[in-house]
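So the structure is just underneath, and the comments pick up after that.
All chains are named by letter (A, B, ...) in the order of the sequence lines, taking the proteins before the strands, and each is independently numbered beginning at 1.
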Amino acid sequence: MDQYKRLSQDFYNNDTLTVSKRLLGKRVVRNLNGVILEAMIVETEAYIGTIDAAAHSYRGMTDRNKIMWEDGGRLYVYQIYGMYFCMNVITEPRGTPAGVLIRAVEPLQNIDTMARLRKIDLSKTKPIALTSGPGKVCQALGISKADYGTNLIIDNNITITEYKDINQSQIAISPRINIDYAPEAAKNPWRFFIKDNPYVSRHKNNSRLF
DNA sequence: ATCAAGATTACCT
DNA sequence: GGTAATCTTGATA
């Protein structure tokens with residue numbers, strides 16, 4: 001590791017909306033068999049346990065979502081549509097199920113390896129296609145269900161560190177993406193992203209800045 | 001045992 | 001703008 005500090009247990013054992021905002025500008029460090037992939041978080045969504053009909057934890061504990069009841073700083077990985085994975089950073093102390101979906105990152109190091117994992121030829125396709133969406137993020141960083149439950153505070157395969165200071169004026173807020181199955185919850189402005197960052201997933205909701 | 005649905009993406013017109 | 005791809009999971013019987 002270099003000069004940037006890992007985020008602490010206290011960082012994660014916190015209010016989910018606060019953690020969602022504070023994760024912007026932080027750096028994901030992924031050790032993939034000795035190859036270090038690094039990327040900055042640029043887009044997040046909060047999923048808030050028992051009050052949020054869009055959250056997997058809303059209807060209680062299952063085999064899939066049980067990690068959400070653990071302490072913050074754990075990794076919740078699930079498969080979607082039979083072919084993609086999504087990664088969530090668990091928040092709040094043990095017993096309170098909540099997490100933050102990492103929707104987009106900006107590649108920083110070993111971008112060629114990310115392109116290979118994404119099966120993208122960077123001479124033909126724009127680099128923003130690499131990591132501008134939750135399924136793309138996991139594919140580019142080689143994250144799958146094998147990483148379910150990773151402890152970001154002590155584990156060496158995946159961690160998150162300080163990186164760039166993002167102030168409030170650089171953060172845009174919108175409703176969350178693709179949660180039509182929970183129309184009431186979809187009204188909550190619980191998506192956060194860095195304004196004008198090219199890696200933020202493109203969507204009509206981007207125009208609604210609070 | 002069966003079955004519908006999904007915190008998505010790539011590709012098509 | 002629209003839709004196919006693809007399969008684990010959770011709910012119901």
Side-chain angles (χ1 to χ4, degrees), chain A residues 16-17 19-21 23-24 28 39 41-69 72 74-92 96-107 114-150 172-193 198-208:
Chain A
T16 306
L17 294 174
V19 177
S20 299
K21 281 178 267 193
L23 277 172
L24 296 174
V28 179
I41 298 171
V42 301
E43 179 181 352
T44 61
E45 280 179 357
Y47 286 87
I48 307 177
T50 50
I51 65 162
D52 179 7
H56 289 167
S57 50
Y58 185 64
R59 288 172 185 79
M61 192 183 289
T62 65
D63 272 350
R64 179 176 70 157
N65 68 18
K66 57 191 176 195
I67 196 70
M68 297 183 77
W69 275 259
R74 306 304 191 275
L75 205 64
Y76 171 38
V77 182
Y78 66 91
Q79 192 177 26
I80 186 69
Y81 294 104
M83 45 188 126
Y84 300 105
F85 293 100
C86 292
M87 62 178 280
N88 297 252
V89 174
I90 295 310
T91 59
E92 315 255 4
T96 304
V100 178
L101 173 68
I102 307 301
R103 282 197 58 90
V105 301
E106 176 178 322
M114 296 185 205
R116 184 173 52 75
L117 288 166
R118 289 271 296 118
K119 306 188 201 309
I120 277 180
D121 184 345
L122 284 175
S123 68
K124 295 174 185 161
T125 309
K126 292 178 181 173
I128 65 163
L130 268 181
T131 52
S132 52
K136 301 177 189 178
V137 168
C138 283
Q139 200 174 21
L141 297 177
I143 290 170
S144 71
K145 233 171 36 181
D147 302 297
Y148 183 97
T150 295
I173 305 175
S174 84
R176 292 170 293 176
I177 307 284
N178 285 348
I179 52 168
D180 303 341
Y181 58 88
E184 283 303 312
K187 295 173 182 169
N188 295 318
W190 290 348
R191 172 175 176 247
F192 305 92
F193 55 100
Y199 289 89
V200 168
S201 63
R202 296 294 151 183
H203 199 275
K204 60 184 177 188
N205 282 11
N206 284 11
S207 60
R208 185 171 159 189

Can you measure [X] atom [atom1] to [N] atom [atom2] for me and round it to whole angstrom units?
| X | N | atom1 | atom2 | answer |
| --- | --- | --- | --- | --- |
| A:E43 | B:dT8 | CD | P | 10 Å |
| A:Y58 | C:dA11 | OH | C1' | 17 Å |
| A:Y181 | B:dT8 | OH | C1' | 12 Å |
| A:F85 | C:dT8 | CZ | P | 9 Å |
| A:Y78 | C:dG10 | OH | P | 13 Å |
| A:R59 | C:dT12 | CZ | P | 10 Å |
| A:D180 | B:dA7 | CG | P | 10 Å |
| A:Q79 | C:dT6 | CD | C1' | 8 Å |

- Item | A:Y58, OH: over 12 other non-hydrogen atoms inside 6.0 angstrom | no
- Query: A:T62 or A:Y81: which one's nearest nucleotide on DNA chain C is closer to the 5' end?
  - Reply: A:Y81
- Query: What distance do A:R64 atom CZ and A:H56 atom NE2 have between them, rounded to the nearest 0.5 Å?
  - Reply: 4.0 Å
- Message: Measuring to OP1 and OP2 of C:dT9, would you say a side-chain N or O of A:K145 lies under 4.0 angstrom away?
- Response: yes
- Query: Quick one: is C:dG10 close enough that its OP1 or OP2 comes under 4.0 Å of any side-chain N or O from A:R64?
  - Reply: yes
- Task: Decide yes or no for A:F193 and A:S174: does some side-chain heavy atom of the first lie under 4.5 Å from some side-chain heavy atom of the second?
- Result: yes
- Query: Yes or no on side-chain contact (heavy atoms from CB on, under 4.5 Å) for A:R191 and A:S201, after CA distance, side-chain angles and deciding distance?
  - Reply: CA-CA 11 Å; A:R191 172 175 176 247; A:S201 63; 3.7 Å; yes
- CA sep, side-chain torsions, deciding dist, call: A:D147, A:F85, side-chain contact (heavy atoms from CB on, under 4.5 Å): CA-CA 11 Å; A:D147 302 297; A:F85 293 100; over 6 Å; no
- Item | Bracket notation of DNA chain C in which parentheses pair within the strand, [ ] cross earlier pairs, and | pairs with another strand (Watson-Crick or G-U, under 3.5 Å) | |||||.||||||.
Do side-chain atoms of [X] reach the backbone of [Y] as a donor and acceptor pair under 3.5 angstrom?
| X | Y | result |
| --- | --- | --- |
| A:E45 | A:R103 | no |
| A:D121 | A:S123 | yes |
| A:R116 | A:M114 | no |

- Does the side-chain ring of A:Y47 sit on the six-membered ring of the B:dA7 base, less than 5.5 Å centre to centre and under 30° in tilt? yes
- Given side-chain contact (heavy atoms from CB on, under 4.5 Å), test A:Y148 with A:K66 step by step and report yes or no. CA-CA 11 Å; A:Y148 183 97; A:K66 57 191 176 195; 3.8 Å; yes
- Task: List in numerical order all residues of residues 48-56 of chain A for which some heavy atom is under 4.0 Å away from an atom belonging to DNA chain B.
- Result: A:A54, A:H56
- Task: Please report the shortest heavy-atom distance between A:V137 and A:M87, naming the atom on each side.
- Result: CG1-SD, 4.1 Å
- What closest approach, in Å, do A:A140 and A:T131 show between heavy atoms, and which atom pair accounts for it? CB-CG2, 3.6 Å
- Task: Start with the C-alpha gap between A:T16 and A:Y47, add the side-chain angles, then the distance that decides, and say whether side-chain contact (heavy atoms from CB on, under 4.5 Å) holds.
- Result: CA-CA 8 Å; A:T16 306; A:Y47 286 87; over 6 Å; no
Kindly give the atom pairs (protein nitrogen or oxygen, nucleotide nitrogen or oxygen) under 3.5 Å for nucleotides 9-13 of chain B.
from	atom 1	to	atom 2	distance (Å)
B:dT9	OP1	A:G133	O	3.3
B:dT9	OP1	A:P134	N	3.1
B:dT9	OP1	A:G135	N	2.7
B:dT9	OP1	A:K136	N	3.1
B:dT9	O4'	A:Y84	OH	3.4
B:dA10	OP1	A:R118	NH1	3.0
B:dA10	OP1	A:R118	NH2	2.8

- Message: Students often get this wrong, so: under 4.0 angstrom with heavy atoms, is A:I179 touching a base, only sugar-phosphate, or nothing?
- Response: sugar-phosphate
